[in-house]
Number of protein chains: 2
Amino acid sequence: MKDYKGQDVHKLGKCLHSKCSLCPVSALTEWTNLNDASNNILQSARQTSTYQPGSTIFHQNDAPLGVYCLMNGLVILKQMDVHGIETAFRLLFPGQTCGWRSLFGEHPHQASALVLEASTVCFIPLNDIENMLLEDPSLSRRFLKTIARDPGPANAVVLRNPPLAVRTRLTHLLLILSEQCMSKSIDGDLCYHLPIQRKHIASLIGTSVETVSRTIKELEDDSVVFFDRKKVLIPSIEKLRREVE
Amino acid sequence: MKDYKGQDVHKLGKCLHSKCSLCPVSALTEWTNLNDASNNILQSARQTSTYQPGSTIFHQNDAPLGVYCLMNGLVILKQMDVHGIETAFRLLFPGQTCGWRSLFGEHPHQASALVLEASTVCFIPLNDIENMLLEDPSLSRRFLKTIARDPGPANAVVLRNPPLAVRTRLTHLLLILSEQCMSKSIDGDLCYHLPIQRKHIASLIGTSVETVSRTIKELEDDSVVFFDRKKVLIPSIEKLRREVE
DNA sequence: CGTACCGTTGAGGTGAGTCAAAGTAAGTGG
DNA sequence: CCACTTACTTTGACTCACCTCAACGGTACG
């Protein structure tokens with residue numbers, strides 16, 4: 001799992017992208033193989049800015065202004081419903097985009113994008129997206145793919161399913177995160193850094209912090225996963241998978 | 001709420017579409033204002049078939065073959081997860097399309113489309129969709145809008161939210177259905193025909209049939225809604241809305 | 001008039017929510 | 001460096017919404 005420079009391949013592939021040194025967004029799904037015209041638009045249009053933890057990239061009910069592309073850091077998408085319950089439905093990792101649903105749906109943002117770790121974000125304004133879509137018809141096809149594959153709704157079926165026990169939902173979340181948090185294996189055990197707090201876990205799987213805490217303890221008692229603060233250690237990935245079934 | 005022919009405008013607009021007599025699919029969002037070339041493709045490509053209740057239009061894990069467009073009838077989209085729990089996440093009413101998520105996402109169907117009422121369905125094969133997208137770039141923009149506005153994921157936030165009480169989720173479902181089931185008002189009261197069984201309600205809001213039954217009774221005790229078999233009577237829509245908040 | 005499916009009702013057990021309080025880590029200022 | 005504040009996490013006690021199992025009433029259909 002190491003490349004020729006000794007770097008973690010997984011990390012490089014999943015989170016930083018090999019071409020990011022040239023253009024941070026060029027290696028992402030939506031922007032690969034753009035023709036020259038739309039590539040020029042992209043390069044001149046994109047505005048890079050940094051956000052501190054706790055700040056918000058866009059707010060629920062705001063009008064969509066463009067597409068946001070996360071270069072590094074971590075962002076959580078959360079929705080506040082009429083009951084005042086905060087529902088987090090998506091974590092945004094480097095190399096992923098957000099803001100397109102309300103843009104293409106032509107309605108206000110239905111979620112807020114809250115920054116969890118200091119983040120660098122590329123913003124591509126609405127007008128330039130429009131122009132790029134005109135210059136390069138294949139771009140819309142790639143956006144279609146992105147939206148169709150949106151992990152938010154897909155994961156919700158198992159992460160936020162009332163009849164499923166909290167234990168099942170939590171296990172599933174840990175499994176999903178293990179694939180996105182550049183986990184590395186230490187003599188058989190899978191180990192990764194949990195990028196979020198307990199309250200975010202609770203919000204993602206639709207439960208309370210207290211129950212998250214208790215369920216974690218329960219999983220430790222059964223030797224399924226071990227938590228050390230924000231370190232997650234999985235002795236056997238197969239055992240974790242069996243939990244889900 | 002009556003148009004010049006005395007017909008129910010709501011019914012006409014929401015469910016049957018004025019142009020359906022000419023071409024059943026031409027008035028739908030995705031197919032409006034197609035240019036001549038792609039319109040020709042559509043007219044020659046679409047295959048109309050009828051389905052009986054209990055039959056399945058496509059199965060989970062099938063490869064996507066094209067887009068399905070419901071002319072009349074009723075279809076439910078349900079997903080079977082690894083735990084064997086059937087999760088219904090979407091009702092398909094006449095004038096709505098399905099099958100595009102897996103098609104554009106380039107992965108197998110993640111749900112089955114089960115026919116609840118005898119249905120007439122137009123099928124447009126993948127190849128023809130491709131050709132239409134090439135002939136008319138604006139079509140992809142309309143599909144982007146459709147996917148971005150997919151009510152399935154949008155409704156899930158409130159219909160399938162573990163911390164929300166069953167009562168709240170059920171109320172919300174009744175509210176959503178009242179807008180889609182051509183409800184008519186009889187001297188102040190809102191009344192409509194519930195197109196689904198108790199087990200489908202249970203599946204849509206993630207609970208058991210028994211609890212659905214009990215919660216319905218509870219709502220009747222509080223005079224929020226009244227059920228007579230599959231007739232739903234809402235004395236006050238405002239009272240129902242207050243329930244949700 | 002039976003069979004099958006759908007819907008309702010009852011009883012009992014429990015997972016998980018709420019409230020409250022203590023423990024732990026992290027950051028701040030003197 | 002140490003008190004101090006603040007935010008995060010854990011633990012305990014209690015309550016209840018909802019699930020499960022089981023039986024029963026209704027309705028449709030042959």
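For B:Lys217, whose side chain is taken as the heavy atoms from C-beta onward, the closest listed nucleotide among D:dT10, D:dT9, C:dT9 is C:dT9.
For the pair A:Trp100/A:Asp150, a side-chain contact is recorded, criterion being any heavy-atom separation below 4.5 Å from C-beta on. A 4.5 Å side-chain heavy-atom check between B:Arg169 and B:Thr215 finds every atom pair outside the cut-off. Side-chain contact between A:Leu159 and A:His172: present, with at least one pair of heavy atoms (C-beta onward) separated by less than 4.5 Å. Looking at A:Phe93 and A:Cys181, their side chains come closer than 4.5 Å, going by heavy atoms from C-beta outward.
Scanning atom types as modelled, no donor and acceptor separated by under 3.5 angstrom connect the side chain of A:Arg214 and the base of C:dG17.
For B:Glu218 and C:dT9, the CD to C1' distance is 14 Å, given to the nearest whole Å. Atom pair A:Phe227:CZ and D:dT9:P shows a separation of 11 Å (rounding to whole Å applied). Computed from coordinates, the A:Asp228 CG to C:dA25 C1' distance equals 12 Å when rounded to whole Å. We find that CG of A:Asp221 is positioned 13 Å from P of D:dT10, with the value rounded to whole Å. Between the C1' atom of C:dT24 and the NZ atom of A:Lys230 lies a distance of 14 Å, rounded to the nearest Å.
A salt bridge between B:Lys239 and B:Asp222 is absent, with no side-chain N of the basic residue lying under 4.0 Å from a carboxylate O of the acidic one.
Put simply, the side chain of B:Asp62 never gets that close to the backbone of B:Phe58: no donor and acceptor are under 3.5 Å apart.
Closest of all the heavy-atom pairs between B:Leu74 and B:Pro195 is CD2-CB, 3.4 Å. In plain terms, the two heavy atoms of B:Gly206 and A:Pro162 that are nearest each other are O-CB, 3.3 Å. Between A:His59 and A:His109 the shortest heavy-atom distance is O-CB, 3.6 Å. Residues A:Ser178 and A:Ile234 share a closest heavy-atom pair of CB-CD1, 4.5 Å.
Between its two ends, the helix from C:dC1-D:dG30 to C:dG30-D:dC1 turns its axis by 40°, counting five pairs per end and rounding to 10 degrees.
Legend: residues meeting side chain to side chain contact (heavy atoms under 4.5 Å, CB included) with B:Thr120, ordered by chain and number and at least two apart, are B:Thr48, B:Thr50, B:Met71, B:Asn72. The ring pair (Phe, Tyr, Trp, His ring centres under 6.0 Å) search around B:Phe123 returns B:Tyr68, not counting sequence neighbours.
For DNA chain C, the neighbouring residues in residues 197-212 of chain B, judged by any heavy atom under 4.0 Å, are B:Gln197, B:Arg198, B:Lys199, B:Glu210. Within residues 157-177 of chain B, no residue is approached by DNA chain C to less than 4.0 Å at the level of any non-hydrogen atom.
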*Mark up nucleotides 25-30 of chain D, 5' to 3', with B wherever a protein heavy atom is under 4.0 angstrom from a base atom, S wherever such an atom reaches only the sugar-phosphate, and - elsewhere.*
------

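Around the NZ atom of B:Lys231, the shell of radius 6.0 Å holds no more than 12 heavy atoms that belong to other residues, nucleotides or ligands.
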